[in-house]
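See structure below.
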Amino acid sequence: MKKETRRKILLYSTVTLGIILAVGVIGLLLRDYYPQIHQFFNPQNDRMYLKQAFRHHGIKDACLLIILTAILTAIPGAPVAVVCIFNGVLYGPWMGILMNLGGYVLGNLLVVYLLAHFNFIKHSQRFKNQMASFKRFKDPALAIILGYALPMIPSSFTSYMAVKLKMGIGRLIMCIAIGTLPMSLLYAFGGDAVFRGSTLRIIIAVILILLIFVILFKVYRQFEQHHQKKTEM
């Protein structure tokens, strides 16, 4: 069997397993939230009371949502943002941030572990260019933080670089948490704004996160330009 064929089979098998686990967790959550969902669509029930009832689920459902966030984080192209928004809807902004960060950290640590033991990555020219850009950073932690923070850089690539850089588990957790904090904030506060029906909160959250992304991107671009000038000298 060719190396590329083995890589694809391993990748598809892992993704399929992740989807099955995600569906199972979603099933458990739907079972727990079914009474509120059923009553919510009955026009005779008090909507405000039901909305508050959604937020009175305990630690078990919070853990299930963190696990679901982690699984979807590890699956390429999965709609993890939807779950992160629901974390804010169901548990409020502050608890939602912690749940999002927990899911992101666990999911990316899982990807790092898998990449350290199995060959999932296709080494395309774009991949090699991105790897060269990361290796130019004097501080590996800054490169990893920017990799997880900037949407245009695939998180799987950043996780692969973390494997190659042989980062310690404590430092890696810190980098993932800092890098994913902007999106965790956006989704948690955005979800809470949806729950409260506050358009102003949504707009403010989006503007603040966009400003953070612009600053991070400028830092990344300035580093690239500085390195190019040094190379040309």
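Excluded from the calculations below are hydrogen atoms, water molecules and symmetry mates; all remaining heavy atoms, backbone and side chain alike, are included.
- Annotation: the span from Phe86 atom CZ to Leu29 atom CG amounts to 10.5 Å, rounded to 0.5 Å.
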Under the criterion side-chain contact (heavy atoms from CB on, under 4.5 Å), I'd like the reasoning laid out for Tyr113 against Val163: C-alpha separation, chi angles, the key distance, then a yes or no. CA-CA 8 Å; Tyr113 175 82; Val163 173; over 6 Å; no
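- Clustering ILVMFWY residues whenever any of their side-chain heavy atoms sit less than 4.5 angstrom apart, transitively, puts Leu30 in the very cluster that holds Ile85.
- For Asn87 (side chain) and Gly96 (main-chain N/O), no donor-acceptor pair under 3.5 Å exists by modelled atom type.
- Each of Ile20 and Ile71 belongs to its own hydrophobic cluster when Ile, Leu, Val, Met, Phe, Trp and Tyr are linked at side-chain heavy-atom distances under 4.5 angstrom.
- From Tyr148, atom OH reaches atom OG1 of Thr73 across 10.5 Å, with rounding to the nearest 0.5 Å.
- Considering Asn108, Thr158, Leu101 as possible partners of Ile176, the one that fulfils the side chain to side chain contact (heavy atoms under 4.5 Å, CB included) test is Asn108.
- Cluster membership check: Val112 shares its hydrophobic cluster with Leu165, using side-chain heavy-atom separations under 4.5 Å among Ile, Leu, Val, Met, Phe, Trp and Tyr.
- Taking 4.5 Å as the limit, some side-chain heavy atom of Ser13 sits within range of a side-chain heavy atom of Ile9.
- Under the 4.5 Å side-chain heavy-atom criterion for Ile, Leu, Val, Met, Phe, Trp and Tyr, Met174 and Leu98 are members of distinct hydrophobic clusters.
- Rounded to the nearest 0.5 angstrom, Leu109 CG and Ile169 CD1 are separated by 4.5 Å.
- Counting only N and O atoms by type, the side chains of Ser155 and Tyr104 include no donor and acceptor under 3.5 Å apart.
- No chain of hydrophobic side-chain contacts below 4.5 Å, direct or via other Ile, Leu, Val, Met, Phe, Trp or Tyr residues, connects Val89 to Ile203.
- Atom SG in Cys175 sits 10.0 Å away from atom CG in Leu146 (nearest 0.5 Å).
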Please step through side-chain contact (heavy atoms from CB on, under 4.5 Å) for the pair Met99 and Thr69, ending with a clear verdict. CA-CA 8 Å; Met99 291 168 67; Thr69 304; over 6 Å; no
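- Atom CG of Leu10 and atom CZ of Phe118 lie 6.0 Å apart (nearest 0.5 Å).
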Are Tyr91 and Leu65 close enough, and set up right, to give a side-chain contact (heavy atoms from CB on, under 4.5 Å), and what steps lead you there? CA-CA 10 Å; Tyr91 284 88; Leu65 284 164; 3.7 Å; yes
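- The two residues Pro93 and Ala188 make their nearest non-hydrogen contact at O-CB, 3.4 Å.
- Atom CE in Met183 sits 11.0 Å away from atom CG in Leu150 (nearest 0.5 Å).
- For the pair Cys63/Ile59, a side-chain contact is recorded, criterion being any heavy-atom separation below 4.5 Å from C-beta on.
- Taking every heavy atom of both residues into account, Ala22 and Leu72 meet most closely at CB-CD2, 4.1 Å.
- You'll find the side chain of Tyr33 reaches within 4.5 Å of the side chain of Asp61, heavy atoms only.
- Closest of all the heavy-atom pairs between Pro76 and Ala74 is CD-O, 3.5 Å.
- Leu172 approaches Ala162 most closely through the heavy-atom pair CD1-CB, 3.7 Å.
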Passes side-chain contact (heavy atoms from CB on, under 4.5 Å), Leu28 versus Lys60? Steps please. CA-CA 10 Å; Leu28 292 174; Lys60 186 192 83 170; over 6 Å; no
